Amino acid sequence: MHRLNAWLRRHPMVADSAWALLLLLLGLLPDDSDHGWRLVVHYLIAVAVPLLMVFRRRNPDLTLALAVALGLGQIALNVNPAASSIGYLVFAYTGAAFGSTWASRLALGAGLAAGPLTLWRFPTGSVDDQGEPIGPHYSVLQSLLLATLMSTPFVLCWAWGRLTRVRRAYLVELEDRAARLERERDAQAKVAVAAERARIARELHDVVAHNVSVMIVQADGAAYVLDNSPQQAKEALGTIASTGRQALVEMRRLLGVLRTAGTAEEYMPQPGVEELPELLDQVRTAGLPVDFTASGDARELPRGVELTVYRIVQEALTNVRKHGGPDARARVAVDFGERELAVLIEDDGRGTTSEQLTGGGTDGLGHGLIGMRERVGMVSGSLDVGPRPGGGFRIRAVLPLKAAK
């Protein structure tokens, strides 16, 4: 039954034709109330009304206008109402449900006038051979009551048509809203993908910049001491190899996320505050003296905050090696507060230029500072970067935390 209804909705003329055929059979039944030429008009109307019903959805305005003209002609010619007159109710519904504004108003006006006109022309519902009404006349009150009752079916069909139009418009609006929400969901998915790729790009920047800079320093040191101290050169080459392997592991992990973003096992644990000593040892091995202090009540942090702290320290120390000069020293301090975590990285080297500080630099340097701001912004923190009093550079990040229990 559901499939049949769906098929009929897709082919409305089939359903209309079936109802029109039934109305045609009823209208062609023998009728003794009309005689002579009125009987001929009776049969013509019995054929015309079902024919208009077949095309009422395709041309609702035209079929309604023709149906109103047929009804007025039937009243003017004193042709008695018959079974085919049921079709006028269908046209009242059609004008309200599918017609234009003027057609809907015409259907309502014709429906309201149908009762009074029919009662005026056919007081008892029939006429004699000369077209004169048969039977007694009604009082004014009775006439008003009968006219109202005769117009009521037309008004109800018109109201049903208006309800159908409103319901159809509501369904169309729901479909449009669903399509709009689907487009917005796709757009949000694209934004999320772009944000994830930007995060991975920042991760790759930090990994490559840090590890490659360590490898360059170690390679320069190995070349310098190769002839005089082969053992130190060997140790430097070993550091280069281990740093390169570490960089490859992290890059494979990040690129693996891009290839299989929906696979949970591709996500390896991200580095955090606990890995800072290993990072500082690696930096010291590369030739940059670093002092580290931690204060406050150390506790487990959200993974986003952990990664942010690690990457900020990693990028800051990379910048010290790039711009601090050969004799620069660095200090890293982590303070676990009650409601916030403060990270301070400062050095006594040459610092960086204002161009790199504000815009990232025309040569591509300084983009790590932009990445720091983005990372801190993602966890609703604050970042303060700039020259250090007495020389060097200073980076201080404050990241909000939940109060310790």
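On a predicted model such as this, the values are computed, not experimentally measured, just so you know.
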Given 3.5 Å as the limit, does a donor-acceptor pair link the side chain of Arg284 with the main chain of Val290, or not? yes
Step by step, work out the side chain to side chain contact (heavy atoms under 4.5 Å, CB included) result for Leu276 and Val309. CA-CA 9 Å; Leu276 282 180; Val309 172; 4.2 Å; yes
Is it true that Arg329 and Asp347 have a side-chain N and a carboxylate O under 4.0 angstrom from each other? no
Working to the nearest 0.5 angstrom, can you tell me the gap between Ser104 OG and Phe98 CZ? 12.0 Å
Does any part of the side chain of Leu341, heavy atoms only, come nearer than 4.5 Å to the side chain of Val334, both counted from C-beta? yes
Atom of Ala46, atom of Ser84 and distance for their closest heavy-atom approach: CA-CB, 3.8 Å
So, do Arg180 and Glu184 sit near enough that their side-chain heavy atoms are less than 4.5 Å apart? yes
Between Val332 and Leu344, is any pair of side-chain heavy atoms under 4.5 Å apart? no
Just verifying a value: how many Å separate Asp176 CG and Leu181 CG, rounded to the nearest 0.5 Å? 11.0 Å
Between Trp160 and Tyr93, what is the ring plane arrangement, given parallel below 30°, perpendicular above 60°, and tilted in between? tilted
So for atom CZ, which belongs to Arg388, do other residues, nucleotides or ligands contribute more than 12 heavy atoms lying within a distance under 6.0 Å? yes
Would you kindly say whether Gln74 and Tyr88 are connected by a side-chain donor-acceptor distance under 3.5 Å? yes
CD1 (Ile86) and CG (Leu26) are apart, to the nearest 0.5 Å, by 6.5 Å
Can you name the nearest heavy-atom pair linking Pro60 to Thr63, along with the distance? O-OG1, 3.1 Å
For a 4.5 angstrom cut-off between non-hydrogen side-chain atoms, does Arg165 reach Tyr170? no
Greater than 12 external heavy atoms within 6.0 Å of Asp291's CG: yes
With a 6.0 Å cut-off (strictly less than), is the heavy-atom count around CZ of Arg167, excluding the residue itself, greater than 12? no
Is there side-chain contact between Arg331 and Thr293, with heavy atoms separated by less than 4.5 Å? yes
Residue pair Leu401, Arg299: steps toward the side chain to side chain contact (heavy atoms under 4.5 Å, CB included) verdict: CA-CA 11 Å; Leu401 301 175; Arg299 58 187 184 273; 3.6 Å; yes
Do Arg56 and Thr94 meet the criterion of a side-chain donor-acceptor pair at a distance under 3.5 Å? yes
Nearest 0.5 Å please: distance from the OG atom of Ser100 over to the CG atom of Asp61. 3.5 Å
Please lay out, stage by stage, how Ile312 and Thr308 fare under the test side chain to side chain contact (heavy atoms under 4.5 Å, CB included). CA-CA 6 Å; Ile312 288 176; Thr308 299; 3.7 Å; yes
Between Gln188 and Arg185, do the side chains contain an N or O donor and an N or O acceptor separated by less than 3.5 Å? no
Which atom pair, heavy atoms only, marks the closest approach of Ala316 to Met372? N-CE, 3.5 Å
For Gly87 against Met53, the heavy-atom pair lying closest together: CA-SD, 4.3 Å
CE (Met13) and CG (Asp16) are apart, to the nearest 0.5 Å, by 7.5 Å
Would you check if the side chain of Thr285 reaches a backbone N or O of Asp281 as a donor-acceptor pair within less than 3.5 Å? yes
Could you tell me which non-hydrogen atom of Ala48 sits nearest to which non-hydrogen atom of Leu70, and how far apart they are? CB-CD1, 3.7 Å
Tell me whether the count of non-hydrogen atoms from other residues, nucleotides or ligands lying under 6.0 Å of CD in Glu173 goes above 12. no
Answer yes or no: is there a donor N or O on one side and an acceptor on the other, between the side chain of Glu306 and the main chain of Val273, under 3.5 Å? yes
Show, in sequence, the C-alpha distance, side-chain angles and deciding distance for Leu72 and Leu117, and conclude whether the side chain to side chain contact (heavy atoms under 4.5 Å, CB included) test is met. CA-CA 9 Å; Leu72 293 176; Leu117 288 176; 4.2 Å; yes
Interatomic spacing from CG in Leu279 to CG in Leu317 - rounded to 0.5 Å: 6.0 Å
Could you check whether any side-chain N or O of Ser151 sits under 3.5 Å from a backbone N or O of Gly115, counting only pairs where one atom can act as donor and the other as acceptor? yes
Quick check: closest heavy atoms across Ala397 and Leu383, and the distance to 0.1 Å? CB-CD1, 3.8 Å
Non-hydrogen side-chain atoms of Met150 and Leu119 separated by less than 4.5 Å: yes
Are any non-hydrogen side-chain atoms of Phe154 and Leu89 less than 4.5 angstrom apart? yes
So, does Ser85 use its side chain to make a donor-acceptor pair with the main chain of Ala82 at under 3.5 Å? yes
Heavy-atom side-chain contact between Val385 and Phe393 under 4.5 Å: yes
Check whether any side-chain N or O of Arg321 sits under 3.5 Å from a backbone N or O of Val283 as a donor-acceptor pair, and report yes or no. no
